Amino acid sequence: MKTEDYISSGLLEAYVLGLVSDQDKREVEHMVATHPEIGLYLDKLEVKLESQFLQGAVPPPPALRERIELRATQQEVKPYEAPYQHQYQPTDEPAADRSGYVDVQVSNTHIQVHKYWRPAFIAVFILSKIFLVFGLYYYFKAQTQEQEINRLTKQVHQTAPRAGTP
Amino acid sequence: MNEWERPGGRVASQAIAKPAEQLALYDRYGSMAYGIILQILPQAQQAQEVLVDMFSSPELQQYVNYPGNTAVAIVRLARAKALEAKARLQGPLPQPIEPGTAAKGSLPEVVFELAFRQSCSIDTIAEKLQLQKADVLKAIHDYFVSFRQA
């Protein structure tokens, strides 16, 4: 069969869509390997089929994306859900080859706390400032009063002998 | 069925897909896959289940960083998943071909309907429609040619 006839036979379209038998599949693969122009046509055909199927695209409901994301995340975590199914046996294999163990090394240096800690921290900060101001105020006030007491005590001592003299 | 190799070294990647990669494939080809699934399973709810199942299936992982045409691989996977669900929900495939089916529409459309959407083999279609296998394959070629010209 000529290359042009082979290209227009429909076998390549059926092959790309997976509609052919194993025997036909092997035949197409042999033809692609021996006839580069058929391989080039196959590449172009794939691009054309892509654009044709894209024309028939129907946007799925947005909620499906969240479901796929959730399921994909669950699948990623799934191997670690039942740690007691596999008994640990020390091996000489490199660590990278062992799957089924949770990597507990954390590179993130941040911690996460509840959002209520934020106003609590602000309140503690403001109260500490208020107590600091009051503390300084009463400290200096006490200093002033002590100086005043000392001054008055000296004054009393100076005036008392005079009052006792005849 | 879902293994997809091309002579000349194109082999599907076996890397494990991360959720972000699966979602990237969904964002790019989700609408196309949903359209194909709806062609085979017209019930929206069932089609959505198949779509979710498809984009979270292990088979999809081989199409991450796929060196060939990913869209065509997704088309094949969507078809396979939809036909699998159809067989599970509606009974065994393929559906029997009624006599005179070819007379109801143009031959390329009928053949494509039977081969792609109803999973009939080329030989079965040829036998039931009393055609040569080459004519069935030519009808598939003509279907895509007419689709391009439309």
Side-chain angles (χ1 to χ4, degrees), chain A residues 1 5 7-26 28-34 36 38-39 42-77 79 99, chain B residues 1-2 4-8 16-23 26-27 29-39 44 47-48 51-56 58 68-72 74-76 78-80 111 115-116 119 121-123 134-145 147-148:
Chain A
M1 191 186 286
D5 294 339
I7 283 172
S8 62
S9 69
L11 192 58
L12 295 175
E13 281 86 350
Y15 170 78
V16 169
L17 294 175
L19 308 178
V20 293
S21 63
D22 288 345
Q23 188 186 345
D24 288 337
K25 187 180 169 186
R26 280 194 295 274
V28 172
E29 287 170 356
H30 174 72
M31 289 296 284
V32 169
T34 53
I38 294 178
L42 210 54
D43 285 335
K44 288 178 188 170
L45 181 64
E46 285 179 345
V47 175
K48 285 174 187 170
L49 288 181
E50 178 183 352
S51 66
Q52 287 184 4
F53 279 106
L54 281 171
Q55 284 177 34
V58 179
L64 290 190
R65 193 182 189 280
E66 290 174 22
R67 282 181 59 191
I68 289 167
E69 186 175 11
L70 183 67
R71 203 181 278 193
T73 312
Q74 282 172 347
Q75 279 183 350
E76 195 184 41
V77 175
S99 58
Chain B
M1 181 105 181
N2 293 323
W4 183 235
E5 292 183 16
R6 175 76 75 79
I16 304 292
K18 292 175 182 173
E21 290 167 338
Q22 282 177 273
L23 286 172
Y26 176 77
D27 290 339
Y29 299 112
S31 302
M32 186 187 75
Y34 189 51
I36 290 163
I37 294 166
L38 278 174
Q39 287 180 25
Q48 288 166 19
L51 187 70
V52 172
D53 180 51
M54 176 191 159
F55 277 95
S56 49
N69 191 308
T70 310
V72 172
I74 294 283
V75 167
R76 291 158 62 98
R79 174 178 176 264
V111 167
F116 188 78
S119 189
S121 70
I122 303 293
D123 292 326
D135 295 331
V136 175
L137 290 169
K138 188 80 172 64
I140 292 174
H141 176 77
D142 292 344
Y143 175 82
F144 285 105
V145 170
F147 198 90
R148 269 172 244 157

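What you are looking at is a predicted structure, and each value in this text was computed from that prediction instead of being measured.
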For chain B, the option from A14(A), P59(A), S8(A), S21(A) that forms the most heavy-atom pairs under 4.5 Å: S8(A)
Smallest separation among heavy atoms of E69(A) and L23(B), with atom names: CG-CD1, 3.5 Å
Heavy-atom contact with chain B under 4.5 Å, split by part of D22(A): neither
D135(B) versus chain A, the contacting section by heavy-atom distance below 4.5 Å: neither
Max heavy-atom pair count under 4.5 Å with chain A, selected residue of I74(B), I37(B), L137(B), D142(B): L137(B)
Heavy-atom closest pair, residues S56(B) and R71(A): OG-CD, 3.1 Å
Main-chain N/O of N69(B) paired to E50(A) side chain as donor or acceptor, under 3.5 Å: no
Interface moiety of Y29(B) toward chain A, non-hydrogen atoms closer than 4.5 Å: side chain
Closest heavy-atom pair and its distance - V58(A), Y34(B): O-CD2, 3.2 Å
Euclidean distance, R65(A) CZ relative to L51(B) CG, rounded to 0.5 Å: 12.5 Å
Which portion of A134(B) sits near chain A, non-hydrogen atoms under 4.5 angstrom: backbone
Euclidean distance, L12(A) CG relative to I140(B) CD1, rounded to 0.5 Å: 11.5 Å
F55(B) portion near chain A, given a 4.5 angstrom heavy-atom threshold: both
Heavy-atom check, side chain of V75(B) versus side chain of L49(A), under 4.5 Å: no
Where F144(B) and E13(A) come nearest, the two heavy atoms and their spacing: CD1-CG, 3.8 Å
Nearest heavy-atom neighbours spanning R76(B) and L17(A): NH1-C, 3.7 Å
Top of M54(B), Q48(B), Q39(B) for chain A proximity - count of heavy-atom pairs under 4.5 angstrom: Q48(B)
Closest non-hydrogen atom pair between V52(B) and L64(A), with its separation: CG2-CD2, 3.7 Å
